[in-house]
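In what follows, a structure is listed as structure tokens, so that the remarks can point back to it.
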2 protein chains.
Amino acid sequence: MNLTLRLVDAAERLFDRHGYMATGMDQLTRAAGMSSRTLYKHAGSKAQLMAAVLAERDRRFLRQIEVSSVEALFAALAGWIRDEGARGCLFLRSRAETGGDIPEIADAVAAHKTALRQRVAGIVAADLGAAPDPLLVDQVLVLVEGATHAAVTLGPEAVEAARSAAAVLVAQARA
Amino acid sequence: MNLTLRLVDAAERLFDRHGYMATGMDQLTRAAGMSSRTLYKHAGSKAQLMAAVLAERDRRFLRQIEVSSVEALFAALAGWIRDEGARGCLFLRSRAETGGDIPEIADAVAAHKTALRQRVAGIVAADLGAAPDPLLVDQVLVLVEGATHAAVTLGPEAVEAARSAAAVLVAQARA
DNA sequence: GCATATGTAAAACGCTCGTTTTACATTGCA
DNA sequence: TGCAATGTAAAACGAGCGTTTTACATATGC
């Protein structure tokens with residue numbers, strides 16, 4: 001089995017559930033079932049491992065929201081939260097935990113947020129069948145971030161609230 | 001000067017900028033200008049200090065959004081972010097950093113989020129002049145969380161997007 | 001004028017951190 | 001047959017962690 005894959009999967013789980021700083025390298029080696037020597041050969045450093053985790057999560061999340069309507073976007077988000085739980089955005093959390101001071105992490109977060117914004121713009125455009133008003137794109141993006149973080153305390157109802165709010169905004173843009 | 005106040009202020013600054021886990025007690029004593037003996041006499045422990053920081057921030061934030069219209073709510077949020085910067089919600093961040101495993105912190109976060117929801121409900125009620133639809137309250141809450149977290153990457157435009165989206169929803173509820 | 005409270009400075013506590021190193025086992029290919 | 005690659009196990013590295021303790025200074029109020 002691919003050691004790097006096993007490592008990144010275990011690391012994503014631990015970093016997501018307990019935080020980047022709170023997760024020690026020995027917990028990582030135990031969870032991934034490999035020696036620290038092998039871990040460092042594959043990952044380089046803890047920060048690079050987190051960057052690899054974020055790159056993998058970026059791919060996985062963008063695949064999850066490979067849709068062409070705003071309605072489907074929030075349905076996909078609801079599915080993600082049902083499967084993964086609601087602990088807020090791992091990208092923003094890891095950036096905040098490290099004060100934005102670790103380039104590998106800060107860069108991975110910036111790349112993800114840029115890609116997310118472009119993806120949302122594409123979804124809104126496909127839904128409307130026209131070039132999207134930038135304000136509407138920002139609004140849907142805010143609703144996605146809001147659902148992600150409000151779900152920590154509100155649960156799935158946060159996504160439903162975001163979905164219905166977005167529907168109103170899109171309907172109004174169509175009119 | 002009040003030592004506890006000085007301590008909590010310094011701690012809020014450091015925890016907010018660098019994270020809870022990444023901030024050491026020696027940095028805290030240096031920033032607060034007191035010995036570790038005094039710090040522990042006043043704060044009890046690092047977790048209790050964080051709880052005190054969150055309690056103080058809760059008071060300060062709720063005072064900032066002491067308004068009676070949704071429009072004013074987002075204006076107040078814009079002011080907060082202009083003054084404090086956009087690093088995401090310190091409550092959610094500190095909870096996530098500690099995996100929700102530290103009761104002092106988890107409790108302070110839960111209390112704040114409950115109070116915030118009630119405050120938003122009151123603002124929507126005052127704005128509409130009627131008992132608010134719970135869905136509309138959730139939607140405004142999602143927009144507040146969304147503006148807070150989207151502002152990390154989008155800047156103040158995230159708040160403007162949330163403000164305009166909320167305006168549409170409130171106008172529709174009034175009709 | 002002496003106890004009590006409140007503070008500082010600094011060392012020590014035992015433990016964990018991220019990372020590197022030493023020593024050895026297994027495998028696959030020339 | 002033997003060398004290079006790839007892995008494990010475990011110790012060691014120096015530093016930093018949160019917290020407590022020891023020793024001492026300075027005020028305040030009876």
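Naming convention: chains lettered A, B, ... in sequence-line order (proteins, then strands); numbering from 1 in each chain. As the structure is a computational prediction, the values presented were derived from the model and not from experiment.
Every residue two or more places apart in sequence or in another chain was checked for a salt bridge (Lys or Arg N to Asp or Glu O under 4.0 Å) with A:Arg17, and none qualifies. A:Arg82 pairs by the side chain to side chain donor-acceptor pair (under 3.5 Å) definition with nothing, not counting sequence neighbours. Not counting sequence neighbours, the partners of B:Arg60 by the side chain to side chain donor-acceptor pair (under 3.5 Å) test are B:Glu12, B:Glu84. In terms of the side chain to side chain donor-acceptor pair (under 3.5 Å) criterion, residue partners of B:Ser45 (sequence neighbours excluded) are, by chain and number, B:Gln48. When the side chain to side chain donor-acceptor pair (under 3.5 Å) test is applied to A:Asp133, no partner is found at least two apart in sequence or on another chain.
One atom, NZ of B:Lys46, and another, P of D:dC17, lie 8 Å apart when rounded to the nearest Å. One atom, CZ of A:Arg30, and another, C1' of D:dA9, lie 14 Å apart when rounded to the nearest Å. D:dT6 atom C1' lies 13 Å from atom CZ of A:Arg6, rounded to whole Å. For A:Leu39 and D:dT6, the CG to C1' distance is 15 Å, given to the nearest whole Å. At whole-Å resolution of the value, NZ in A:Lys41 and P in C:dG18 are 21 Å apart. A straight line from CG of B:Leu3 to P of D:dT26 spans 17 Å, rounded to a whole angstrom.
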List, with names and distances, any nitrogen or oxygen atoms from the protein found under 3.5 Å away from nitrogen or oxygen atoms belonging to nucleotides 20-24 of chain C.
residue : atom : partner : partner atom : Å
C:dT20  : O4   : A:Ser36 : OG           : 3.0
C:dT22  : O4   : A:Arg37 : NE           : 2.9

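Using a 4.5 Å cut-off between side-chain heavy atoms of Ile, Leu, Val, Met, Phe, Trp and Tyr, with links allowed through other members, A:Leu141 and B:Val152 fall into different hydrophobic clusters.
Grouping Ile, Leu, Val, Met, Phe, Trp and Tyr by side-chain contacts under 4.5 Å, direct or through others, leaves A:Leu135 on its own.
Look at B:Thr38 and you won't find any side-chain N or O under 4.0 angstrom from OP1 or OP2 of C:dG7.
Within the structure, every pair that satisfies the salt bridge (Lys or Arg N to Asp or Glu O under 4.0 Å) test and touches residues 142-168 of chain A, not counting sequence neighbours, is listed here: A:Glu71-A:Arg163, A:Lys113-A:Glu145, A:Glu160-A:Arg163.
DNA chain D lies under 4.0 Å from no heavy atom of any residue of residues 18-27 of chain A. At a non-hydrogen distance threshold of 4.0 Å, nothing from residues 97-105 of chain A comes into contact with DNA chain C.
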N/O donor-acceptor pairs under 3.5 Å from side chains in residues 31-41 of chain B, not counting sequence neighbours:
residue : atom : partner : partner atom : Å
B:Ser35 : OG   : B:Thr38 : N            : 3.3
B:Ser35 : OG   : B:Thr38 : OG1          : 3.1

What pairs of donor and acceptor atoms, side-chain ones from residues 89-100 of chain A against any protein atom, are under 3.5 angstrom apart with sequence neighbours left out?
residue : atom : partner : partner atom : Å
A:Arg93 : NH1  : A:Asp16 : OD1          : 3.0
A:Arg93 : NH1  : A:Arg87 : O            : 3.1
A:Arg93 : NH2  : A:Asp16 : O            : 2.6
A:Ser94 : OG   : A:Leu90 : O            : 2.9
A:Ser94 : OG   : A:Phe91 : O            : 3.1
A:Glu97 : OE1  : A:Met21 : N            : 3.1
A:Glu97 : OE2  : A:Tyr20 : N            : 2.8
A:Thr98 : OG1  : A:Ser94 : O            : 2.9
A:Thr98 : OG1  : A:Arg95 : O            : 3.2

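Closest approach to the A:His42 side chain among D:dT19, D:dG7, C:dT19 is made by D:dG7 (side chain taken as heavy atoms from C-beta onward).
When all heavy atoms of B:Leu28 and B:Ala11 are compared, the closest pair comes out as CD1-CA, 3.6 Å.
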